[in-house]
2 protein chains.
Amino acid sequence: MSRNHAPSIRMVAARAGVSVATVSNALNGKPTVSPAIVERVNAAVRELGYVVDIAASRLRSRKALLAGVVVPDLTNPMFATFVSTLEHAARGDGYDLVVVSARNSAAEEADRLANIRAWRPAGLIVIPCDGAFAERLPTGFAIPTVLADRIPDQAGFDLIAVDNGPSAGAVARHLDEQGYRDCLVIVSKLSITNVRERWEGVQAAARHMKLDVVEVGIDDPDGLVSVHKRLSSKPRPQSIFCLDHGTALLVYRLLAEMNISVPNDLAFASFDEMEWMRLTSPGVTAVRQPVEVMAEQAWSLLSRRLKGDAGDAVTRRLKCAVEIRGSTPRCPEPQQRGTGQTEMGGVT
Amino acid sequence: MSRNHAPSIRMVAARAGVSVATVSNALNGKPTVSPAIVERVNAAVRELGYVVDIAASRLRSRKALLAGVVVPDLTNPMFATFVSTLEHAARGDGYDLVVVSARNSAAEEADRLANIRAWRPAGLIVIPCDGAFAERLPTGFAIPTVLADRIPDQAGFDLIAVDNGPSAGAVARHLDEQGYRDCLVIVSKLSITNVRERWEGVQAAARHMKLDVVEVGIDDPDGLVSVHKRLSSKPRPQSIFCLDHGTALLVYRLLAEMNISVPNDLAFASFDEMEWMRLTSPGVTAVRQPVEVMAEQAWSLLSRRLKGDAGDAVTRRLKCAVEIRGSTPRCPEPQQRGTGQTEMGGVT
DNA sequence: AGGCCTTGATAAAACGTTTTATTGTACGGT
DNA sequence: ACCGTACAATAAAACGTTTTATCAAGGCCT
């Protein structure tokens with residue numbers, strides 16, 4: 001019994017009655033093959049259901065139509081969208097993607113990077129876990145690399161990110177102008193470069209607001225406890241601005257549990273817009289990042305590099321959309337605070 | 001100048017002063033290599049930063065530690081979680097994953113399947129776009145394949161899915177018992193097998209409720225228009241049950257826009273729980289699917305197959321959790337309908 | 001001492017491709 | 001009829017591995 005192996009180019013050659021080299025030439029569109037033979041080869045390919053072995057092909061030709069993608073967490077809808085868009089763009093150029101998730105762990109990221117190397121991709125697109133990405137890049141792994149979304153401590157990388165500072169600043173200014181005089185800023189980890197940029201943007205933009213910042217680790221209950229304490233004490237903060245969607249979700253739930261009404265008792269805004277922020281009543285003011293654009297630009301930049309462009313490292317900052325919704329209305333006068341005045345909340 | 005190629009096993013051999021075969025044996029833990037030489041080899045590997053070329057390895061050894069994964073849409077948080085969990089499990093067994101998204105198109109799914117074949121994976125895990133999956137599987141692509149989540153028309157596949165019918169039925173029965181006498185069931189496409197199962201489950205479980213079903217294609221505005229019409233006409237349906245999260249989102253927004261209050265004006269429930277359903281006030285009654293468990297079981301089943309288990313095709317149905325929340329309270333008496341009686345909605 | 005294992009290492013073949021160099025073959029120009 | 005060229009097809013080498021078969025060197029037994 002012939003084993004159940006996938007048909008090889010040899011079988012195609014035999015079936016078409018030509019040499020192996022000719023089959024290869026025919027399939028790769030080399031002009032030195034006569035049309036009649038091309039047709040014979042194609043017929044044999046169809047009949048056998050032959051599909052090239054990419055690995056063998058790459059091995060010999062030294063051309064890899066393959067790029068690696070590393071994201072911190074596929075579960076995050078933003079990164080999932082990033083990957084999905086990227087995949088589409090890459091396939092449009094004939095490239096395959098090997099995608100791995102670091103599950104928010106720098107150690108796993110390093111591991112995955114080493115592992116992805118074994119695939120000999122032509123290029124890399126990485127959303128790093130944190131700024132220390134350069135240290136985790138295996139030595140000697142010198143292929144075109146484009147970073148996205150998160151900002152590395154070390155310069156010299158191509159980078160496509162959003163203008164975290166100005167966008168977060170725009171929200172802070174909005175709160176300021178609406179009359180709020182203090183704001184509790186909540187972050188997951190200030191060590192994440194984006195988050196730090198946002199926080200700095202807020203600090204730069206707030207003119208009359210007193211600012212306060214709390215770290216709420218994603219799985220760490222302590223942070224939430226301290227937010228709880230902060231919200232129970234008098235006077236309560238007039239506004240809250242969460243600098244990433246994870247904390248936004250946690251804090252928004254906390255508010256509901258504590259029976260604190262948005263926006264009657266305080267205003268609420270978030271960086272990183274999520275679907276649900278348009279569904280609550282009122283909607284949540286949020287910064288929407290242009291993920292798809294980011295993915296497309298990351299690919300087109302990598303694509304340029306793969307074609308041989310060896311120019312200086314590029315950094316591009318994309319503009320975010322700031323969606324003002326009912327969760328940040330004009331600040332009521334102090335004496336009226338907490339007595340009603342519901343904005344007839346709505347989906348915008 | 002020596003080109004910038006990744007170091008090969010040959011260089012390692014030269015550096016360690018042994019033969020290529022010995023390096024291979026050492027790295028693969030063959031017992032015939034003396035400890036002293038193993039150490040020399042490891043040192044050389046470290047110094048050069050050598051990483052095996054998986055493709056070449058697989059080519060020669062005919063052992064692929066690689067599985068393909070095809071999902072309908074990575075953007076869907078449920079599938080993203082599925083992939084993420086799967087990846088973790090696979091890596092635990094030393095396997096890599098090549099993940100592709102069909103972007104909800106059967107044509108793309110077929111294309112991706114053909115393409116993934118070029119990687120010669122050892123196995124396949126697929127969440128098919130629709131029931132006609134078998135037709136799109138390239139002929140001769142006979143590797144262990146586990147289907148997940150969606151049910152194929154054709155039998156003979158390993159399958160890990162949830163008990164769509166009973167779970168949807170549980171929600172229908174709940175509505176029925178709460179006193180609702182009719183229910184508008186909303187689906188994306190009845191051609192999706194899961195959705196059909198859910199719909200059949202609803203039909204089987206509803207005892208006193210009059211049922212009505214509307215298809216709302218994900219990108220198709222017509223469906224929403226007909227829902228709108230249905231909601232404007234008198235008498236308005238007493239309850240709505242969306243059988244997938246995409247339509248749940250659309251319809252929930254539509255309700256807000258039409259100023260129809262949940263649950264004052266009607267009850268609302270959904271299959272496919274999403275984050276935001278715990279955040280609205282009141283929370284949305286929903287069926288939560290055990291995605292992680294599904295992924296783990298899919299992997300462990302595939303893993304078994306890869307180890308050679310050639311038993312009959314297995315079908316496993318996982319139980320879902322039904323989360324009863326404030327959006328489906330006891331049905332008020334008809335004369336009171338729409339006059340207030342807000343459940344002090346809360347996050348559960 | 002001679003024969004036979006065992007041990008540790010290696011040379012060479014093989015995997016499925018692509019590429020390079022080679023071989024015919026036909027053609028047009030003298 | 002001869003040469004040079006262009007064209008079509010191919011044989012063989014190469015890519016980086018793993019595997020198989022081979023080999024050399026001891027050690028043990030008679």
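Residue numbers start from 1 in every chain, and the chains themselves are labelled A, B, ... in the order their sequence lines are given, proteins ahead of strands.
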Just the table, please: protein N/O against nucleotides 25-27 of chain C N/O, every pair under 3.5 Å.
none

Inset, instruction - Could you list by number each residue of residues 60-67 of chain B showing a heavy-atom separation from DNA chain C of less than 4.0 Å, or answer none if no residue does? - result: B:Arg60, B:Arg62

Inset, instruction - Just jot down the ring pair (Phe, Tyr, Trp, His ring centres under 6.0 Å) partners of B:Phe82, sequence neighbours excluded, or say none. - result: none

Inset, instruction - Compute the angle between the rotation axes at the two ends of the helix from C:dA1-D:dT30 to C:dT30-D:dA1, each taken over five pairs, rounded to 10 degrees. - result: 60°

Inset, instruction - Could you tell me which residues satisfy side-chain contact (heavy atoms from CB on, under 4.5 Å) with B:Leu302, sequence neighbours excluded, listed by chain and number? - result: B:Ala67, B:Ile125, B:Pro144, B:Val146, B:Trp299, B:Leu306

Inset, instruction - Give the minimum heavy-atom separation between A:Glu87 and B:Arg112, together with the two atoms involved. - result: OE2-NE, 3.6 Å

Inset, instruction - Would you check if A:Val70 and A:Phe133 make a side-chain contact, meaning some heavy-atom pair closer than 4.5 Å? - result: no

Inset, instruction - With sequence neighbours excluded, tell me which residues meet side-chain contact (heavy atoms from CB on, under 4.5 Å) with A:Met78. - result: A:Asn76, A:Asp149, A:Asp272, A:Gln289, A:Val291, A:Met294

Legend entry - Side-chain heavy atoms of B:Ile160 within contact of B:Leu301, under 4.5 Å: yes

Inset, instruction - Using a cut-off of strictly less than 4.0 Å between a heavy atom of the residue and any atom of DNA chain C, enumerate the qualifying residues of residues 16-44 of chain B by number. - result: B:Val18, B:Ser19, B:Ala21, B:Thr22, B:Asn25, B:Thr32, B:Val33, B:Ser34, B:Ile37

Inset, instruction - Please report the closest heavy-atom contact between A:Ala55 and A:Asp53, naming both atoms and the distance. - result: N-OD1, 2.9 Å

Inset, instruction - Shoot me the first and last contacting nucleotide of DNA chain D against chain A, ordered 5' to 3', at under 4.0 angstrom to non-hydrogen atoms. - result: D:dA8 to D:dT17

Legend entry - Set of residues satisfying ring pair (Phe, Tyr, Trp, His ring centres under 6.0 Å) with respect to B:Phe79, sequence neighbours excluded: none

Legend entry - Point-to-point distance, once rounded to the nearest 0.5 Å, from CZ of A:Arg58 to CG of B:Leu59: 10.0 Å

Legend entry - CG on B:Leu97 to CG on B:Leu65, rounded to 0.5 Å: 11.5 Å

Legend entry - For A:Tyr50, all residues meeting ring pair (Phe, Tyr, Trp, His ring centres under 6.0 Å), sequence neighbours excluded: none

Inset, instruction - Inspect the contact between A:Arg136 and A:Asp130 and indicate whether a charged nitrogen and a carboxylate oxygen are less than 4.0 angstrom apart. - result: yes

Legend entry - Partners meeting side-chain contact (heavy atoms from CB on, under 4.5 Å) with B:Pro138 (sequence neighbours left out): B:Leu113, B:Arg117, B:Phe141

Legend entry - All pairs passing side-chain hydrogen bond (donor to acceptor under 3.5 Å, both in side chains) where residues 31-44 of chain A contributes a residue, at least two apart: A:Glu39-A:Arg46

Inset, instruction - Please determine if A:Arg91 and A:Asp96 form a salt bridge, counting it only when a charged side-chain N lies under 4.0 Å from a carboxylate O. - result: yes

